[in-house]
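Being a predicted model, the structure only gives us computed values, none of them experimental. Heavy-atom basis, side chains included; hydrogens, waters and symmetry copies ignored. Protein chains get the first letters and strands the later ones, always in sequence-line order, with residue 1 at the start of each.
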2 protein chains.
Amino acid sequence: MSEKKVTIKDVAREAGVSIATVSRYLNNSYSSMSEETKIRIQDVIQRLNYHPNIMAQALKGQSRTIAVVVVNMSYPFCVSVIRSISEVLDEAGYSLLVCETGENAEKELTLIRSLVARGVDGIILQTNGQNNDLLQELAETMPIVLVDRHFDITGVKNVITNNEEASYQLTEALFKEGYRRIFFISEELNGLSTRTQRYAGYQQACAKRGVEPAVCWMERRKTDTCQAVLNLLKQESGEQPFAVYTANGLLMMELYPLLQGLSLRVPEQMGVATFDEPDWANITQPRMTCVRQPTHEIGQLAANTVLERLRGDIKPHLQPSVQMIPSVLVLAPATERTAK
Amino acid sequence: MSEKKVTIKDVAREAGVSIATVSRYLNNSYSSMSEETKIRIQDVIQRLNYHPNIMAQALKGQSRTIAVVVVNMSYPFCVSVIRSISEVLDEAGYSLLVCETGENAEKELTLIRSLVARGVDGIILQTNGQNNDLLQELAETMPIVLVDRHFDITGVKNVITNNEEASYQLTEALFKEGYRRIFFISEELNGLSTRTQRYAGYQQACAKRGVEPAVCWMERRKTDTCQAVLNLLKQESGEQPFAVYTANGLLMMELYPLLQGLSLRVPEQMGVATFDEPDWANITQPRMTCVRQPTHEIGQLAANTVLERLRGDIKPHLQPSVQMIPSVLVLAPATERTAK
DNA sequence: GTGAAAGCGCTAACAA
DNA sequence: TTGTTAGCGCTTTCAC
């Protein structure tokens, strides 16, 4: 039933050529080679249903495997990026290794090392920026692409969104809707570009309006920090209507149930907005104002960047190191608020 | 800066032994080998910071890579299972290849073939059951574990939850809460055990109560089928209170906004329940009644099953082929309804 | 345009 | 207990 594995040898024998010729066909069929043998080999490969042994190829340098390293593969942002990377790679005949660091720098280091040992052809990662030296070194040998969090590393490309600008726009949109004060809820910045820039965008919008920023640092999975946010809101929310703007969707998921507990009318008394567009955005009543990150495009671009460098189409150091794809501000339709 | 790659040869030379001995140390350090050489090799490995070349090992049969094949890697169920598989494998020094089939049997076939060509040591998959012959064949050579969807294939293990029982319990719970009629919303069964069994559980509960089942088939991403559900509800929901029970969380995510449009009081006039526990379950007011699948445990068990077979701890055909991990019925606390 | 042959780094007989 | 050796399937000089 199951044919014994057919190797390049079998193909060579059947086609009456040497394995070297078959190998050449496999790698650069376009180059010098008589049409006849080309066709002959092609036929045999089909007839024998031959597939090159990837491990053997890998041993010689090309594993046709890319790795993606993220903080947590269950975060909606990561899920979506990983998925579109997978699509692009699958199309190109590459496989995708998925790993997560849990925001742990040492884990990230170990992981990267082991991936290199595995001979992956390239790495796409959402890094916490503690292993930039290693990455720079690796970038000389293989394509390294950073997503989400920007870091300036020689030879390393970044694929990110316009966090600052989008955050500014969201904040400004909330002001336009009439909210007097906007509470910005974020995790500790920790030198991460995403957080820093969203924060900066928020501050700018406040500054422009001459409104005092109101920032609250929250830590996910810590109910006390979440409760602290609530307390701040209760204390300082004298001047209604005010809005609550979380720096990412995961924060909002934790905070939202508590906000409901405030028994304020949304959106009249309290506005609710978040960076990210949670999949449950359609569940809340009314729909939340949010920032849709181009996760699909980010993944695609990251994957294609890796593939291009692998094909040698691109000289590593000549290209700009940052590719920015803008996010989209998704406003809750004003009609919906009054209609429903 | 970056040391040239150190191989088993270097270790052998430095330690004054043959590469075979080093290889033995690497693979079965426990077996016969003098303490002295063991220590010597150990030292050299540390000093040289040697890591076996995995591609070379792979060529000889052990890639230390497992693949997980799911329908869609962005489905919450899949995400969670994949993540816990990843944790277990990472711990064991294995890497995880992630792929998706998009519910396409041909794609699945191609994928499995390519994974085998890549030399993965084992495969965990959520299959649509169209390639069972191939799987049975493969199971003779490598560990194959099915998750979520059960199929009886010689040599293949299943890790699933008690879909029928859990569905029965959920339905029964709804009846107990006083709903006179329960509308079951599902995708086409298509021979998938998950759907079939949830359906069966629902039917049993209805039969026991002597209530006529009310089933509606819906297709995701098709608004017309979703609308059809709504129409059914409007027509047949004369006898309130009634409940709506979707066979999975994704269906509910699409349906929920429309249900809100009915302007019925929840839970007094309409009950809302779903298989799966969506991450937004805490967002709805009141909390939805749902079935929490043990995704974490399913992933863990699947991964461990593969690892065990790889270690040879287990004879493939002697073990029972189905491991069932029960789901948990999560009732919306009655207090919450009245209190808030 | 094609073939012969030398490895890539490792494992596993088979010897010793 | 350890060493010698023959590959695994492929790529890649270097000849012809």
Side-chain angles (χ1 to χ4, degrees), chain A residues 3-42 44-45 48-65 93 114 116-119 121 141 310, chain B residues 3-42 44-45 48-65 93 114 116-121 141 310 312:
Chain A
E3 319 93 19
K4 286 310 128 200
K5 40 189 64 177
V6 12
T7 79
I8 198 174
K9 248 184 208 162
D10 302 316
V11 177
R13 182 169 19 75
E14 284 294 310
V17 296
S18 77
I19 61 169
T21 305
V22 178
S23 176
R24 270 188 217 101
Y25 172 86
L26 257 29
N27 296 292
N28 34 232
S29 75
Y30 44 89
S31 93
S32 55
M33 175 176 305
S34 83
E35 268 311 311
E36 202 195 312
T37 47
K38 222 182 272 187
I39 296 176
R40 200 132 38 88
I41 293 176
Q42 161 77 319
V44 177
I45 286 182
L48 266 48
N49 187 29
Y50 165 72
H51 290 286
N53 180 316
I54 292 156
M55 283 95 76
Q57 293 186 138
L59 189 53
K60 300 298 281 186
Q62 17 178 347
S63 65
R64 297 204 155 256
T65 303
S114 91
V116 173
R118 282 203 121 74
D121 293 339
T141 323
L310 247 24
Chain B
E3 319 91 19
K4 287 309 128 200
K5 40 189 65 174
V6 12
T7 79
I8 198 173
K9 249 184 204 161
D10 303 316
V11 177
R13 182 167 22 74
E14 285 292 310
V17 297
S18 77
I19 60 168
T21 305
V22 179
S23 177
R24 271 188 217 104
Y25 173 84
L26 259 27
N27 296 291
N28 34 232
S29 77
Y30 44 91
S31 92
S32 54
M33 177 175 306
S34 83
E35 267 312 310
E36 201 195 312
T37 48
K38 221 183 271 186
I39 294 178
R40 199 132 39 89
I41 294 175
Q42 161 78 317
V44 176
I45 286 182
L48 267 46
N49 188 29
Y50 164 74
H51 290 285
N53 180 316
I54 292 157
M55 284 95 76
Q57 294 187 137
L59 189 53
K60 298 298 284 186
Q62 21 179 342
S63 66
R64 296 203 155 258
T65 303
S114 91
V116 173
R118 282 202 119 75
V120 298
D121 292 339
T141 324
L310 246 26

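- Counting all heavy atoms, side chain and backbone alike, A:Gly16 lies closest to A:Arg40 at O-NH1, 4.3 Å.
- Taking atom CD1 on A:Ile8 and atom P on C:dA5, their separation rounds to 16 Å, with Å as the unit.
- Atom-to-atom, CZ of A:Arg118 to P of C:dG9 comes out at 17 Å; the value is rounded to the nearest Å.
- Taking each heavy atom of B:Asn49 and B:Val6 in turn, the nearest pair found is O-CG1, 4.3 Å.
- Phosphate proximity of D:dC8 to A:Asn53: absent, as no side-chain N or O sits under 4.0 Å from OP1 or OP2.
- Put simply, B:Ser23 has a side-chain N or O that comes within less than 4.0 Å of OP1 or OP2 on C:dT11.
- For the pair A:Lys60 NZ and C:dC8 C1', the computed distance is 5 Å after rounding to whole Å.
- Distance CD1 (B:Ile54) to P (C:dC8): 19 Å, rounded to an integer number of Å.
- A donor-acceptor distance shorter than 3.5 angstrom exists from the side chain of B:Arg118 to the backbone of A:Arg64, with no hydrogens or angles considered.
- In this model, the phosphate group of C:dG9 is not approached by any side-chain N or O of B:Thr7 to a distance below 4.0 Å at OP1 or OP2.
- Residue A:Tyr50 places at least one side-chain N or O closer than 4.0 Å to OP1 or OP2 of D:dC10.
- Taking the side chain of B:Val17 as heavy atoms from C-beta on, and the options D:dG3, C:dG1, C:dA4, the nearest nucleotide is D:dG3.
- Listed here is the closest heavy atom pair of B:Tyr50 and B:Ile8: CE1-N, 3.6 Å.
- Closest to the side chain of A:Leu26, out of D:dT1, D:dG3, D:dT11, is D:dT11.
- Across the protein-nucleic acid pair, A:Tyr25 atom OH and C:dG3 atom P stand 16 Å apart, rounded to whole Å.
- Each of A:Lys9 and A:Gln62 has a nearest nucleotide on DNA chain D; the 5'-most of these lies closest to A:Lys9.
- Between the CG atom of B:Leu59 and the P atom of C:dG9 there is a distance of 12 Å, given to the nearest Å.
- Whole-Å rounding puts the A:Ile19 CD1 to D:dC8 P distance at 11 Å.
- Listed nucleotides D:dG3, C:dA4, C:dC8 differ in distance to B:Ser18; the shortest reach to its side chain belongs to D:dG3.
- Here the nucleotide nearest the side chain of B:Ala20, chosen from D:dT4, D:dC10, C:dA4, is D:dT4.
- Taking every heavy atom of both residues into account, B:Val11 and B:Ile45 meet most closely at CG1-CG1, 3.9 Å.
- Rounding to whole angstrom units, CG of residue A:Asn27 and C1' of C:dT2 are separated by 16 Å.
- Between B:Gln57 and C:dG9 there is no side-chain polar atom (N or O) within less than 4.0 angstrom of OP1 or OP2.
- Not one side-chain nitrogen or oxygen of A:Thr21 sits closer than 4.0 Å to the OP1 or OP2 atom of C:dG1.
- Among D:dC10, D:dG3, C:dC8, the nucleotide with an atom closest to any side-chain atom of A:Ala56 is D:dC10.
- Contact annotation for B:Val22: no contact, since no heavy-atom pair falls under 4.0 Å across all strands.
- Taking each heavy atom of A:Ala12 and A:Val22 in turn, the nearest pair found is CA-CG2, 3.8 Å.
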